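Notes for the one structure printed next.
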Number of protein chains: 2
Amino acid sequence: MSAGPALDATPETIGAAAADQNSAAGSSSAQTRERLIEAAGQVFAERGFRQATIRQICNRAGANIAAVNYHFGGKRHLYAAVLRDAHRRSHDEFPIFLDTDPTDPPEERLRAFIRSFLLRMLAPGRPAWHGRLMIREMADPTPALDELVRDSITGHFADLGQVLHELMGPQASLESVRLHAMSIVAQCLFYRMARPVIERLVPGRYGSDEVEALAQHITAFSLAGIRASDDTKGDAGGASGASKMDIGSARHRSDQP
Amino acid sequence: MSAGPALDATPETIGAAAADQNSAAGSSSAQTRERLIEAAGQVFAERGFRQATIRQICNRAGANIAAVNYHFGGKRHLYAAVLRDAHRRSHDEFPIFLDTDPTDPPEERLRAFIRSFLLRMLAPGRPAWHGRLMIREMADPTPALDELVRDSITGHFADLGQVLHELMGPQASLESVRLHAMSIVAQCLFYRMARPVIERLVPGRYGSDEVEALAQHITAFSLAGIRASDDTKGDAGGASGASKMDIGSARHRSDQP
DNA sequence: TTGCGAACCATACAGTTGTTTGAAACTGTG
DNA sequence: CACAGTTTCAAACAACTGTATGGTTCGCAA
């Protein structure tokens, strides 16, 4: 039907097959694929999906203009592959509860969540693509956002809700936990999203060098807000006091059939 | 040199001249200008500057394709005009300290700031362009962002800093005030910026209907964070205890020469 | 009416976009 | 070497973009 290698298979399948065929250095096809994803990650992060051009990506990857269509079946599929790759890399390097385990007190896990989130957003180099791409997806969604929310965001949001639920006590309402979770996520996202404005407002500050200080501030600020939440008033969301709280409406990331 | 009416004059000048010529219903030129800005506001907010097309804007405005170049001198100038218009309208409707005056306690002014900010971001209809356009400018800046920061954001940020300074006491450091201001702004921006994600995570919630509840939560959450800030530790920013604190580095909005 | 400038219009233009195509180069295998 | 499959390549394609152009219509004063 169409040219190119196994366009109907998942990227994982392709990767495994390529590794089987040539486990040492990777086949020529896999090498080009890798270079394309690398270059596309840069260009998509810099200019966004629509503004990025195939020619620029292929130029930076040292590949022919037709390579994207041959290896990925089109710009859109390349973009989806980049998004998956960036997400995997950034979460490999900065797991959601970095340097903690579930037995640590919730304050410590919240601190780790915030720090890891900030690192994912602000760390320089390759994992930073994820943050920039996520911000772009929010401001100007593509069809890839559905997959992103389903496979990644929902689960992380639920994990944060779990920690908050422990901190706020069993009487905390679902509604209140959600609002507090969003206040925390908002602060972490802010330093990536508002970067162009921050740069102009306070030049040279609040970048990747200051992640620790920012994490410290956001944690302290938020813990105070959490502890002050007197949640004994009316609850519009119901389900108050549930031991395991599903904070979002979608399925948890590890519940896929 | 170029066609079109008074392209070298400011929009205000054009408006005044048009009003002089035809004070009742506006000249034909002013009517078309108005329709173009209206349509362009919609399209720019929906699709962003680069993705929006002149043809779509003119089509929606019932104008010819050449109208944009004739009346504004190009797509970029039209966009700048739309940004100015949207900013003016949204701040006319929702002033920064809505329903308060400087003698009110700082808690009340903070609440008003947050509520007004949220209304500007989430209110439906025409003033909502401003919020969407601002988010787009952050995610994908155009040359218009410089003007936006200089003429609007800097001043509002300083005003918020003033309120926070009153709340935190004279020993609060510039650095600490800045961080707290950003935590508050972040929460307000979040519900506009993350709308596509929120829609998928918790469908039908946290939109324009819930501004009052959101303002209530953000105010309470942030006041707790502010009051917990024990700011007697080291200060990296200097200028601690200044009576009038210029939180940003740029000029205040009302200090223009 | 005539004259004149402002406003509008259909059309054309040059540039860029993602994608397609058919052939060439390369790869490993018999 | 010969051959088949994979990968790369230059060129072309159709669609779409912002802008420019030259002529037409409109509003109004003399």
Side-chain angles (χ1 to χ4, degrees), chain A residues 1-7 9 14 17-18 20-36 39-40 43-44 47-82 142-143, chain B residues 1-9 14 17-18 20-36 39-40 43-44 47-59 61-82 142-143:
Chain A
M1 200 145 196
S2 63
L7 282 185
I14 291 178
D20 277 356
Q21 289 170 8
N22 194 330
S23 59
S27 68
S28 165
S29 175
Q31 280 178 355
T32 306
R33 252 189 83 96
E34 185 59 29
R35 272 183 298 133
L36 279 174
V43 177
F44 282 138
R47 322 229 299 153
F49 171 71
R50 292 172 233 266
Q51 183 71 2
T53 74
I54 304 265
R55 280 169 176 82
Q56 187 177 3
I57 291 168
C58 291
N59 206 41
R60 201 174 292 197
N64 187 268
I65 315 170
V68 165
N69 271 287
Y70 178 76
H71 287 280
F72 294 91
K75 186 184 184 184
R76 198 167 286 283
H77 291 82
L78 170 61
Y79 180 70
V82 166
T142 73
Chain B
M1 202 164 193
S2 64
L7 280 185
D8 42 356
I14 291 179
D20 278 356
Q21 290 170 6
N22 194 331
S23 59
S27 69
S28 166
S29 174
Q31 281 178 355
T32 307
R33 252 189 83 95
E34 185 61 28
R35 273 183 297 133
L36 280 174
V43 177
F44 281 137
R47 323 229 297 156
F49 170 71
R50 293 173 233 265
Q51 183 71 3
T53 73
I54 303 264
R55 280 169 176 81
Q56 187 178 3
I57 291 169
C58 291
N59 206 41
N64 186 269
I65 315 169
V68 165
N69 270 289
Y70 179 76
H71 286 280
F72 294 90
K75 186 185 184 184
R76 199 167 286 282
H77 291 81
L78 169 61
Y79 179 71
V82 166
T142 73

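Here the structure is a predicted model, which is why all the values come from computation and not from measurement. Below, read A as the first sequence line, B as the second, and so on, with proteins coming before strands; counting in each chain starts at 1.
Partners of Ala80(A) under the side chain to side chain contact (heavy atoms under 4.5 Å, CB included) rule, at least two apart in sequence or in another chain, are Arg84(A). Applying the side chain to side chain contact (heavy atoms under 4.5 Å, CB included) test to Ile54(B) and every residue at least two apart in sequence or in another chain returns Cys58(B), Ile65(B), Val68(B), Lys75(B). Every residue two or more places apart in sequence or in another chain that forms a side chain to side chain contact (heavy atoms under 4.5 Å, CB included) with Gln51(B) is listed here: Arg50(A), Arg47(B).
Regarding Arg33(A), its CZ atom lies at a distance of 15 Å from the C1' atom of dT6(D), rounded to whole Å. Rounded to whole Å, atom P of dT17(D) lies 14 Å from atom CZ of Phe49(B). The separation between Arg55(B) atom CZ and dG18(D) atom P is 7 Å, rounded to whole Å. Nucleotide dA7(C) holds its C1' atom 11 Å from the CZ atom of Arg35(B), rounded to whole Å. The separation between Ile57(B) atom CD1 and dT19(D) atom C1' is 14 Å, rounded to whole Å.
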Polar pairs (N or O, both sides) under 3.5 Å between protein and nucleotides 20-22 of chain C?
none

Check nucleotides 14-16 of chain D for protein N or O atoms closer than 3.5 Å to its own N or O atoms and list the pairs.
none

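Summarising the geometry, atom CD1 belonging to Ile57(A) is positioned 14.0 Å from atom CZ belonging to Arg35(A); distances are rounded to the nearest 0.5 Å. Atom-to-atom distance recorded for Arg55(A):CZ and Asn64(A):CG is 10.0 Å, nearest 0.5 angstrom. Between His71(B) atom NE2 and Thr32(B) atom OG1 the span is 4.5 Å, to the nearest 0.5 Å.
Remark: DNA chain C takes part in the stems C:1-30 with D:1-30, each of 3 or more antiparallel Watson-Crick or G-U pairs, criterion distances under 3.5 Å.
Of the side-chain N and O atoms in His71(A), none sit less than 4.0 angstrom from OP1 or OP2 of dT6(D). For dA7(C), the OP1/OP2 oxygens have no side-chain nitrogen or oxygen of Thr32(B) closer than 4.0 Å.
Below 30°, between 30° and 60°, or above 60°: for Tyr79(B) and Phe44(B) the angle between ring planes is above 60°, a perpendicular geometry.
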